[in-house]
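Structure first, commentary second.
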Amino acid sequence: MTTVRIPAGWPATEEQALVVQDELRGKVVLDETGPPPGTGHVTGVDVAYDDERDVVAAAAVVLDAATLDVVAEATAIGQISFPYVPGLLAFREIPTVLAALDALPCDPGLVVCDGYGLAHPRRFGLAAHLGVLTGLPTIGVAKNPFAFTYDDPATPRGSTSPLLAGTEEVGRALRTRDAVKPVFVSVGHRVTLDNACAHTLALTPDYRLPESTRRADSLCRRALRDTTES
């Protein structure tokens, strides 16, 4: 487990964070397809908080994309690095998530975030932010549609509908189980939306949420519990 300090110069105010978002947003790459589903590695990242102790735990779990077996995993514990501000949650999480990724003994491959990429009020959610900083292909798979609208996809697994900001498609609602509430997929960096949805389906053979998310969620919660109870 890696212990993380808040980086020097890390934004401390909403105004500073917005400036950083504006600077980095233009570096998002949207014209690369990304790795084919079922090949190489897929890494899930997630975080858990203890706000009373000002602690955040991050986990990165590498899966073999073909078998979904765990290849490697790493955790990091840090101080919460930014106040809670809707639309700026990445600034609370990224230093610790980066530390978990850096602690992995292998190439992460595609990174799947439990959250948003372009499906964000300023089109720069955690998946996009993380992708720009690492250079890795990233996607966001969220449990809810945030502030965006969508029509319910058809009932069968694999059905989609556009996730909309007005008339702009910022992601897709994707049915990963027949007749079960969809997940919400958006591009982060260096992956197309079609490919992001294909990866999400490949990661959900048995459950609504991707195996990457399920495993990273369990690991970061365990790391937080071990830290705060010790």
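The figures that follow rest on heavy atoms only: side chains count, while hydrogens, waters and symmetry mates do not.
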(request) Please assess Asp51 against Tyr84 for the test side chain to side chain contact (heavy atoms under 4.5 Å, CB included), listing each intermediate value before the final yes or no. (result) CA-CA 10 Å; Asp51 286 297; Tyr84 175 81; over 6 Å; no
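- Put simply, the side chain of Arg175 reaches to within 4.5 Å of the side chain of Asp152, judged on heavy atoms.
- Residues His120 and Arg25 have side chains not in contact (no heavy-atom distance under 4.5 Å, counting atoms from C-beta outward).
- In this pair, Tyr150 and Phe184 present their aromatic rings perpendicular. The plane angle is above 60°, beyond the 30 to 60° band.
- Around atom CZ of Arg5, no more than 12 heavy atoms belonging to other residues, nucleotides or ligands sit under 6.0 Å away.
- Two residues are said to be in side-chain contact when any heavy atoms from C-beta on lie closer than 4.5 Å; Thr227 and Arg53 fail this criterion.
- Between the CZ atom of Arg157 and the CZ atom of Arg177 there is a distance of 6.0 Å, given to the nearest 0.5 Å.
- Contact between Ala127 and Gly117 at its shortest, heavy atoms only, is CB-CA, 3.9 Å.
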(request) Check the pair Leu63 / Val70 against side chain to side chain contact (heavy atoms under 4.5 Å, CB included), numbers first and verdict last. (result) CA-CA 5 Å; Leu63 305 181; Val70 175; 3.8 Å; yes
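- Hydrophobic clustering, with ILVMFWY side chains joined whenever heavy atoms are under 4.5 angstrom apart, keeps Leu98 apart from Leu89.
- Rounded to the nearest 0.5 angstrom, His41 NE2 and Leu110 CG are separated by 12.0 Å.
- Contact check for Val19 versus Gln16: no side-chain heavy atoms found under the 4.5 Å cut-off.
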(message) Please evaluate residues Leu101 and Thr43 with respect to the criterion side chain to side chain contact (heavy atoms under 4.5 Å, CB included), reporting the C-alpha separation (whole Å), side-chain torsions for both, the decisive distance (0.1 Å), and the verdict.
(response) CA-CA 9 Å; Leu101 286 170; Thr43 297; 4.1 Å; yes
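- Grouping the Ile, Leu, Val, Met, Phe, Trp and Tyr side chains by contacts below 4.5 angstrom, directly or via other members, places Tyr116 apart from Leu88.
- Val56 and Ile6 fall within the same hydrophobic cluster, defined by Ile, Leu, Val, Met, Phe, Trp and Tyr side-chain heavy atoms under 4.5 Å apart, directly or through other members.
- Note: Thr149 OG1 to Leu163 CG = 7.0 Å, rounded to the nearest 0.5 Å.
- In this structure, Arg221 does not pair ionically with Asp46, as no charged nitrogen and carboxylate oxygen lie closer than 4.0 Å.
- Of the possible polar contacts, none joining the Thr96 side chain to the Ala58 backbone as a donor-acceptor pair under 3.5 Å is found.
- Between Arg123 and Glu168, the shortest heavy-atom distance links the atoms NH2-OE1, 3.0 Å.
- Applying the 6.0 Å contact sphere to NZ of Lys181 captures more than 12 heavy atoms from other residues, nucleotides or ligands.
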(message) Determine whether His199 and Val112 satisfy the following criterion, side chain to side chain contact (heavy atoms under 4.5 Å, CB included), listing intermediate values before the conclusion.
(response) CA-CA 9 Å; His199 275 286; Val112 182; 6.0 Å; no
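- At distances below 3.5 Å, at least one donor-acceptor pair connects side-chain atoms of Asn195 with backbone N or O atoms of Pro35.
- Few gaps surround CG on Asp206; more than 12 heavy atoms of other groups in view lie less than 6.0 Å from it.
- Scanning all heavy atoms of the two residues, the minimum distance from Ala60 to Leu219 falls at O-CD2, 4.5 Å.
- Here the CG-OG1 distance, from Leu224 to Thr75, works out to 10.5 Å after rounding to the nearest 0.5 Å.
- Ile80 CD1 to Arg92 CZ: the interatomic distance, rounded to the nearest 0.5 Å, is 5.0 Å.
- In terms of hydrophobic clustering, with Ile, Leu, Val, Met, Phe, Trp and Tyr side chains grouped at heavy-atom distances under 4.5 Å, Tyr49 and Val55 are assigned to different clusters.
- Using a 4.5 Å heavy-atom cutoff, the side chains of Thr204 and Arg208 are not in contact.
- With a 4.5 Å cut-off on side-chain heavy atoms, Leu164 and Phe148 do not count as touching.
- A heavy-atom distance below 4.5 Å is not found between the side chains of Val45 and Cys220.
- At a threshold of 4.5 Å between non-hydrogen side-chain atoms, the residues Val141 and Leu203 do not count as touching.
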(message) Please evaluate residues Arg172 and Asp194 with respect to the criterion salt bridge (Lys or Arg N to Asp or Glu O under 4.0 Å), reporting the C-alpha separation (whole Å), side-chain torsions for both, the decisive distance (0.1 Å), and the verdict.
(response) CA-CA 9 Å; Arg172 285 189 194 144; Asp194 284 346; 2.6 Å; yes
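- A donor-acceptor pair under 3.5 Å is formed between the side chain of Thr200 and the backbone N or O of Ala196.
- Grouping the Ile, Leu, Val, Met, Phe, Trp and Tyr side chains by contacts below 4.5 angstrom, directly or via other members, places Val61 apart from Val4.
- Taking every heavy atom of both residues into account, Gly87 and Arg122 meet most closely at O-NH2, 3.5 Å.
- Smallest separation of non-hydrogen atoms from Ile94 and Leu126: CG1-CD1, 3.6 Å.
- Of all heavy-atom pairs between Leu118 and Ser186, the closest is N-OG, 3.9 Å.
- Between Leu136 atom CG and Arg190 atom CZ the span is 7.5 Å, to the nearest 0.5 Å.
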